[in-house]
Visitor: 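Take a look at this one; I'll ask things after.
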Amino acid sequence: MLGAVLAVAVCALTASAGTAIGASSAVSSQVPKVGTGGPTTGAFTPWDGSAGNEFAGGGDEEGADAYTGNIVDRSFAKGGATVGVATTTGKKAKSDPVFNFGFQGLNHYQQRYSRGGNQFSVEPPDQGMCAGNGYVVEAVNDVFNVYSQSTGASLLPDNTATNIVAGFPRNVNHAVDLNSFYGYPPAINRTTGVRGEFVTDPSCIYDAATQRFFVVVLTLDPQVPGPCQGVFSCRNHLDLAVSQTSDPTGSWNIYRTDVTNDGTNTGGVNPGPYLGDYPHIGADANGIYLTTNAYPWHANGFSGAQIYAYSKSQLAAGAASVNMQHIDTSGMVNAPSDAGPTQPGFTVWPAQSPGAGSFNTDNGGTEFFLSSNAADEATHPKAGTGGDYVGHNIVLWTLTNTSSLNSAPALGLSTKLLGVNTYALPPKQQQPGSGAAPGVSAPQGHCLNDEVTVTIAGTGCWKLLVSAAAHAFGGPEVVARPDSNDTRMQQVTYANGKVWGALDTALNPDGGAQRAGIAWYIVNPSAGKLVLQGYLGATGHDFTYPAIGVTPSGRGIMAFTDTGDSTYPSAAYASIDANAGIGAWNDVPGGTGAAVDDGFSGYKQQNAPNPIRSRWGDYGAASVDGNSIWIASEYIAAACDYTTWGGPFFVGGSGDNLLGTCAGASHGPGLRTALANWSTRISKFTP
């Protein structure tokens, strides 16, 4: 979600059928190919390492208060070092995952110092990952890489020698910034201060049927003269990149869809222009489907999830323009809201399918979506606030006649409300030391409290990071509680004739203290019924940002982040299938966290005068390639002590001439940056 802070039980059953789209809700058009792009770094002026603006700024959705009730499930599944909470059927599991291997993906050092350091600091990474044809493609906020499936090594050209930052070559493991990938100037020219486009919220799929990779981002244009002044102009668009061949290291075609005015004026209180936030991508036999959440730029409230359906064959062929049908989901869910007897869709996540033969071909071709409806966006779209974020339903969306996308788009969209066990807004995550003063193993937080260390900026480490006014405003810092997700649906898969999805929820494992947990769902879309559902949680742990991948035979893996009272943020997984439901969970080998989350979004002084929201997520990823499932989650990969973090910026110290990289006198590659230490973990399983 443009939430990126820029530093920037078995149950049967179901309820009511929903509304079909009307003619006024669906608009067909041609979307042009605007050019080509690819993983080659664009032109830049190297940053000299001098002080400058680290944060692009911009808005963020306010977090609601966590659920205060209890959600308890007392059935158990062993996992990790404790007992996990899961609903199972007692049947033998299909999925018995074998870990093959894994590697560290993109990290904040690579994100900040790609393109000669002409990037802002960004949290959270937003995990876009997909795998196919021997490649793993990863895109996060705001950097891109391609890896070998056999070794995990980057397959992009080594750009270290030309990536000069503060006078030295910087090894970013060949990564390329997303602005370069999409053909834009740098996010910021640190010599002139001129800003380029802000690219965010990447998502990726590999389509085995066309042997093409697809990567979508939301792009916000920089300031232009006119009524929409601020950090960004109001003009924003979806940029869809399609690989020209099955090799993602080569050229890509770029298709651009302006989403600035796509939303519904709800009762006159949510006028456009709109932000097309949180885009995600799915596919069936005929189409590529992008969805967004439309928020008005100049008002509170919510203006409905938007669906953009494109001809997949035309995209794969690199056509000069492609057929697209846009559908506004406002008023399509038969449940009450402050706008009347219906709700808009919110985070209507399109399904992706494994292989080339898992698509649903009924009714002229069918694509499925899932969403939840506990958030204010669904229950209070006019006001934008006032709900309790407690849900008892999820929504199945069925889009038919998708084969018409290849000629004259004439899609049909309907909804069905499915009754499920209670889910609710989770509390923030716990990590070791949450609420206590940061120790030297959380060097940025410790620095912000440090009044005595002698530095090149004077006595007190905080002087290296913030102004006196920000330091006085923020006061003493504590180890943050990383953000949990809200109740929105996460990655959706259609496989083995079923739709699979999961979301974040409050949970009381074994009736104990409330923690962040996961609610998961398996739906039979043909019958419009729930097949299985359940929770996953564990005493002393928080599980967040699930992503489910399922093979054509119905064997699945769910990825998520595991944090806890004694667990640093780690990449974790559990098996899932339609026989036994969720299985044992554990941290992935090599994915155990090494330190606390020490990012800028969790500290008051770095966000003064605004309240903090310690960002994490905003989503994980799972991708199926043949009989293998690749998963990716955010975690903390490396630790760095205070003295090494300060380096020569502490009087008498030595090391890198960029603060906080922990890179040593060789100038890299760094373990982190001064402002953040997130990483991603990519793992391969055979379920």
Side-chain angles (χ1 to χ4, degrees), residues 9-14 73 75-79 84-98 282 284 349-355 357-362 366-372 393-398 416 418-421 423 489-503 505 517-537 543 546-560 573-585 622-631 685-687:
V10 179
C11 175
L13 186 210
T14 178
D73 185 350
S75 56
F76 301 116
K78 292 183 179 180
V85 177
T87 294
T88 64
T89 65
K91 296 180 180 179
K92 183 178 179 180
K94 277 186 177 182
S95 186
D96 184 17
V98 175
D284 75 343
W349 201 302
Q352 56 181 276
S353 295
S358 296
F359 306 121
N360 188 303
T361 57
D362 295 343
T366 299
E367 167 71 358
F368 299 106
F369 309 71
L370 288 179
S371 67
S372 61
N393 302 104
I394 61 173
V395 187
L396 171 67
W397 302 73
T398 303
K416 176 162 279 193
L418 305 178
V420 298
N421 294 333
Y423 59 92
M489 187 63 65
Q490 296 293 277
Q491 181 173 318
V492 174
T493 296
Y494 175 74
N496 198 231
K498 302 172 186 68
V499 182
W500 313 64
L503 52 79
T505 182
I518 294 167
W520 54 268
Y521 310 100
I522 305 173
V523 175
N524 180 336
S526 298
K529 293 185 177 182
L530 205 61
V531 176
L532 283 176
Q533 66 172 319
Y535 301 113
L536 179 66
F543 297 160
I548 298 175
V550 185
T551 66
S553 64
R555 302 171 187 267
I557 299 285
M558 180 165 69
F560 54 95
Y573 73 100
S575 64
I576 187 170
D577 62 56
N579 284 343
I582 207 78
W585 69 272
S623 181
V624 179
D625 186 21
N627 293 322
S628 298
I629 299 178
W630 294 83
I631 61 173
F685 287 86
T686 303

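FYI, the numbering just counts along the sequence from 1.
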Visitor: Just jot down the ring-ring contact (aromatic ring centres under 6.0 Å, His included) partners of W397, sequence neighbours excluded, or say none.
Guide: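 Checked W397 against ring-ring contact (aromatic ring centres under 6.0 Å, His included); zero matches.
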Visitor: Looking only at non-hydrogen atoms, find the nearest pair between F359 and Y494 and report the distance.
Guide: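 Reported closest heavy-atom pair: C-CE2, 4.0 Å.
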Visitor: May I ask you to check whether over 12 heavy atoms, not counting those of N627, lie within 6.0 Å of atom CG?
Guide: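 No, not enclosed.
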Visitor: From S526 OG over to F368 CZ, what is the distance, rounded to the nearest 0.5 angstrom?
Guide: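 Rounded to the nearest 0.5 Å, the OG-CZ separation comes to 5.5 Å.
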Visitor: Is it the case that the side chain of D577 and the backbone of N579 share a donor-acceptor pair, with hydrogens and angles ignored and the cut-off at 3.5 Å?
Guide: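 Judged by distance alone, yes, a pair lies under 3.5 Å.
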Visitor: Do I522 and W500 come close enough that some side-chain heavy atom pair is under 4.5 Å?
Guide: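 In short, these two side chains touch, coming nearer than 4.5 Å.
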Visitor: Could you report the tightest heavy-atom contact between L532 and G581, atom names first, then the distance?
Guide: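 Here L532 and G581 meet closest at CD1-N, 3.8 Å.
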Visitor: Any heavy-atom pair between the side chains of M558 and L536 that's under 4.5 Å?
Guide: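 Yes, their side chains come closer than 4.5 Å.
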Visitor: For side-chain contact (heavy atoms from CB on, under 4.5 Å), just list the numbers for I394 and Y423, CA-CA rounded to whole Å, side-chain angles, deciding distance to a tenth of an Å, and then say yes or no.
Guide: CA-CA 10 Å; I394 61 173; Y423 59 92; 4.3 Å; yes
Visitor: Not counting sequence neighbours, which residues clear side chain to side chain contact (heavy atoms under 4.5 Å, CB included) with A547? List them please.
Guide: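 Here the qualifying residues are Q491, A622.
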Visitor: If you round to the nearest 0.5 Å, how far is CD1 of I631 from OG of S623?
Guide: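 Here the interatomic distance stands at 11.5 Å.
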Visitor: If I compare all heavy atoms of T505 with all of A519, which pair ends up nearest, and what's the gap?
Guide: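 In terms of heavy atoms, the two residues are closest at CG2-N, 3.8 Å.
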Visitor: Which heavy atom of I629 sits nearest a heavy atom of P687, and at what distance?
Guide: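 Heavy atoms only, the tightest pair is CD1-CG, 3.7 Å.
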Visitor: Roughly how far apart are S353 OG and E367 CD, rounded to 0.5 Å?
Guide: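 The CD atom of E367 is 6.5 Å from OG of S353, to the nearest 0.5 Å.
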Visitor: Run the ring-ring contact (aromatic ring centres under 6.0 Å, His included) test against F685 and tell me which residues pass, sequence neighbours left out.
Guide: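 ring-ring contact (aromatic ring centres under 6.0 Å, His included) check on F685 returns F99, Y573.
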Visitor: Among L530, V531, V420, whose side chain to side chain contact (heavy atoms under 4.5 Å, CB included) with V523 holds?
Guide: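 The option that passes is L530.
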Visitor: When you compare the side chain of L503 with that of Y521, does any pair of heavy atoms fall below 4.5 Å?
Guide: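 In short, these two side chains touch, coming nearer than 4.5 Å.
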Visitor: Within the 4.5 Å heavy-atom criterion, are V550 and V624 side-chain neighbours or not?
Guide: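 The answer is no; the side chains never approach within 4.5 Å.
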Visitor: Which distance, rounded to the nearest 0.5 Å, do you find between the CH2 of W585 and the CZ of F560?
Guide: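 Interatomic distance, W585 CH2 to F560 CZ, rounded to 0.5 Å: 6.5 Å.
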Visitor: Are the side chains of N360 and D284 in touch, meaning some heavy atoms are under 4.5 Å apart?
Guide: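 They are not in side-chain contact.
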Visitor: List the steps and the verdict of side-chain contact (heavy atoms from CB on, under 4.5 Å) for N421 and Y535.
Guide: CA-CA 9 Å; N421 294 333; Y535 301 113; 3.3 Å; yes
Visitor: Could you check whether any side-chain heavy atom of P354 comes within less than 4.5 Å of a side-chain heavy atom of T551, counting everything from C-beta outward?
Guide: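 The answer is no, as the side chains (C-beta and beyond) never meet within the 4.5 Å cut-off.
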Visitor: Tell me the closest heavy-atom pair linking I518 and A502, and the distance in Å.
Guide: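 The answer is CG2-CB, 4.0 Å.
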Visitor: Please report the shortest heavy-atom distance between L396 and P525, naming the atom on each side.
Guide: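 Residues L396 and P525, closest heavy atoms: CD2-CA, 3.9 Å.
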